[in-house]
Structure formats: structure tokens, C-alpha cells
Number of protein chains: 2
Amino acid sequence: MNDKDNIAKSESTEQKIKEAARRVFTSKGYAGTRTRDIAEESGYNLALINYYFRSKEKLFEIIMMENLQLFIGSIIGMLNNEATSLDEKIDQLVTYYVDMLMVNPGIPVFILNLVNNNPSALFEGVLGGNTVSDTVFATQFKEQMKKKKLTIHPLHLFMNIVSLTVFPFASAPMIKAKNGISDEEYNQLMLERKILIPKWIKVMMDM
Amino acid sequence: MNDKDNIAKSESTEQKIKEAARRVFTSKGYAGTRTRDIAEESGYNLALINYYFRSKEKLFEIIMMENLQLFIGSIIGMLNNEATSLDEKIDQLVTYYVDMLMVNPGIPVFILNLVNNNPSALFEGVLGGNTVSDTVFATQFKEQMKKKKLTIHPLHLFMNIVSLTVFPFASAPMIKAKNGISDEEYNQLMLERKILIPKWIKVMMDM
DNA sequence: GTCTATACAAAGATAGAC
DNA sequence: GTCTATCTTTGTATAGAC
């Protein structure tokens, strides 16, 4: 076994533990996760977690940052893109969230938990100082409202887009259980929404 | 001290512990709550929790049922009311949720956690067998869609109402922190939404 | 009914062998 | 790098005094 194999094996183990941690933390949250769960899920021993990541808390921080990036970090660029119209931004946001959440359905609840249990200072670091009101997105919306002689806070538009797109994923287990809907049928509904939500948003904000 | 005083005092203590438990469980979830937190929050000793409620789990079940009732149980009647129109039902749902969530902002995240960590069997008991598709609400919506020659699943309407109303409360800490908005300003936005959401819903479903 | 003290179980972290 | 065994901390439940 040479150096290359050693490194490859080492990275693989670390990566496998991290992926296992991502799955468990994302579905059970910090307090609900036992390091023993992560060990079992990864197929490795409990002690390896400490060997690679020093502590449960340190490992959680890594997963948390990745999930925050996925949920919030990725959309900052879209909101501030000078080259796209407001309508295009709406399409992009909805598409991004639906596609991302179909692969990572646990993210919304994970983030909501985080946000409800942690000091707000947490977000300063991840997101920079960008407030929604300062984005190109908000400016474009305000211009459109001006033309129509309406005054609606840009946050309403933003909340509407995210609410309509993300909440159905967060509440999926409840909706499925309560309505006897299969995973496939639910996915189908979500794909319909990917088309419908941008249309809805446009007529809503046109009133 | 007579019997009446004894009973009054006893109920009061039990009630205080339950209220403390409600606050702590609702904000931190089951796994995140230590019985010591509840004891401290209530002002009583750790042992009293066991004396009145037997165990952490039993106490949690009580709080869980109350929160589920608040979040889901209360709206079944509205959805199945033959005496109200679809538009009136929409108004009622939005008003109910906004008013209830301004008092209990932690409920949505609590419920979402529950739903993501528990077997779906849990809901059978609380909600009876009512699926959204079987309600008067759904029937009225289908009739309206028929007139307009449209075919949209009634669940979309239901998800839209709940999403637009509930999600902004669930994500409030994030929105506030990220946009430098005070509690008062945020409440103001929510009150605006109480008026706006029914209007939005009506134009959305009219396309 | 309420408290103090403590038993008992679960979970995180680490030492040391291989 | 990986494992087994063990220490330590934290959390739940209960016994017994008042």
C-alpha cells in the first residue's frame, strides 16, 4: 500500500463519516443526534468521529455551514444579479429551491430548528450583511410597484416566493400522512408547483 | 388550610409546571429539553415533574396533543362547514392562523419537528380520517375550478394558504436577523399579511 | 405537596492496544 | 487508522425526610 492509497483511504473514511453525519444531523437535529448514531450510520466506530472531527459540536458546525450555504448562501447571487429581470429571478428562485429540496428534503426543518434555537449572531457570518431590501431584486420590485402605484414591502414578495416553495417540503410528511398520498404523487405535485408558483406570484403582485 | 385551598394550590402547581413545559418543549423540542430546564422554568423542583406527570415522555405527550389540536384540530371544523363560502373559509383560515401564531410563534417549528421525527401513525389519532380532499372546502374549490375550466388539485390551494400564512412565522427569527427588523415591525408585516393573503389567494386561483 | 439526596441509564470523550 | 474498553458528564427517575 503506497502513499496515494493511504490518502485516498483516509479521505474516504473522513468523507463517509461526514456524509453519515449530514444525514443524521439533518433529519434529527443536534440534540436528537447521538454520536453513536453517526458511527453506526457511517459503518465506522465511535472513536473515529473524535479522531477526525474532535467533537460532536465541531462536526455539527461543518454540516450546519454546508446546509446554510445550500439554503441561503446560494440565492444571494441570484437576488443581486443585474443581468436578470425580476420575472427571471422569480423563476430561478423557485426552480433552485424545488430542485434542491427534492434531493435534500430535510434541509428546511433543519434550518428552522437552527434559527429557533440559536442566537441571531450566527447568521451574520454566513450571509454577509446583505439584507433583502438592499438587493437588485428589491429595487426591481419597487420600480414595478411604482409603475402600478402600489406600495408593498419587498419582503412580502420574498416571503411569498420562499413560503410557497419551501413550506410544502417542510410539511411533506404531514401532508402525505394526512391525505394518503404516496411519495411519487407528492413529487408530482411539487413538479407542478415548480411551474405554477411563478405564475401565481406574478398575478399576485399585479393586483 | 381547608380542602378547597389544597386543591387550588395543587392545581396551580401542576398547571405551572405544565405551562413551563409547554414553553420549553415548544421552543427546544423533545430531545433538546432537559427536565431540569422545565423545573427551573417552572420555579419548582425536579422531583415535582415526576410526581405530577410520571415522566418526561408523558408530559411531552400532553403538550404535543395540545399543540397539534391548536395547529390542525381547530381547522377541521372550518374546512367542513357547509354554511360558509369558499372565500369565507379562506378568510377564516388566514385569520385563525395569524392570530394564533402571534400568540404562539413556536408552534410551527414544533409541529414540523414532530412530523419529521415520528411515524405517521401519530396523526391518525389526532385528526380522525379526514383528508383535505374529502372536505366541503375541497368540493367548493372543485366546483369553482369547473366553472373556470381549470384543473388544479385542491391540495395546492390548501398548501398555498397554509404556506403563505404559517411559513413567515416559522422563519421569523431568520428574517428578522437577516434584515434588521424589530419585533414590532415584524408583527406589523404579519398584520398586513392577514389582509393581503386572502386577496392574493383569490387572484392566484382565478388565473 | 414539596424538597434533598441519590440511584441508574445514556451519551460524549479519550486512552491505549493493534 | 481503527478498534475495544473505560472514564466522565449529563439527564431521568425515585426514595425518603419534612
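Note that the coordinates shown come from a computational prediction; the quantities given were computed from them, not determined experimentally.
Remark: B:Asp134 engages no residue in a salt bridge (charged side-chain N to carboxylate O under 4.0 Å, His left out) (not counting sequence neighbours). Checked against ring-ring contact (aromatic ring centres under 6.0 Å, His included), A:His156 has the following partners two or more places apart in sequence or in another chain: B:Trp200.
Per the geometry, CD1 belonging to B:Ile49 stands 15 Å off C1' belonging to C:dG1, to the nearest Å. Between the P atom of C:dT14 and the CZ atom of A:Phe53 lies a distance of 15 Å, rounded to the nearest Å. In this entry the distance linking OH of B:Tyr51 with P of C:dT4 reads 17 Å, nearest Å. Across the protein-nucleic acid pair, B:Asn50 atom CG and C:dT6 atom P stand 18 Å apart, rounded to whole Å. Between the P atom of D:dT2 and the CD atom of A:Glu40 lies a distance of 18 Å, rounded to the nearest Å. Per the geometry, CZ belonging to B:Phe60 stands 19 Å off C1' belonging to D:dA13, to the nearest Å. If you measure from atom NZ of B:Lys56 to atom P of D:dT14, you get 15 Å, rounded to the nearest angstrom. The distance from atom CZ of B:Arg34 to atom C1' of C:dA10 is 15 Å, rounded to the nearest whole Å.
A ring-centre distance under 6.0 Å is found for B:Phe60 and B:Phe110.
Using a 3.5 Å distance cut-off with no hydrogens or angles, the side chains of A:Lys16 and A:Ser42 do not pair a donor with an acceptor.
Applying the 4.0 Å criterion to OP1 and OP2 of C:dG12, one finds that A:Ser55 has every side-chain N and O outside that range. For A:Arg54, no side-chain nitrogen or oxygen approaches OP1 or OP2 of C:dG12 to under 4.0 Å. Look at A:Thr13 and you'll find a side-chain N or O under 4.0 angstrom from OP1 or OP2 of D:dT2. Between A:Thr35 and C:dG12, a side-chain N or O to OP1/OP2 separation shorter than 4.0 Å is present.
Residue pairs meeting the ring-ring contact (aromatic ring centres under 6.0 Å, His included) criterion with at least one partner in residues 62-88 of chain A, sequence neighbours excluded, are A:Phe71-A:Tyr97. Residue pairs that meet the side-chain hydrogen bond (donor to acceptor under 3.5 Å, both in side chains) test with at least one member in residues 24-34 of chain B, sequence neighbours left out, are B:Thr26-B:Asn67, B:Arg34-B:Asp37. Residue pairs satisfying the side-chain hydrogen bond (donor to acceptor under 3.5 Å, both in side chains) criterion with at least one member in residues 163-173 of chain B, sequence neighbours excluded, are absent.
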Would you list the protein and nucleotides 3-7 of chain D atom pairs, both N or O, that sit under 3.5 Å from each other?
from	atom 1	to	atom 2	distance (Å)
D:dC3	OP2	A:Asn45	N	3.1
D:dT4	OP2	A:Asn45	ND2	3.2

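Here the side chain of B:Tyr52 is nearest to one of C:dG1, D:dT14, C:dA13, namely C:dG1.
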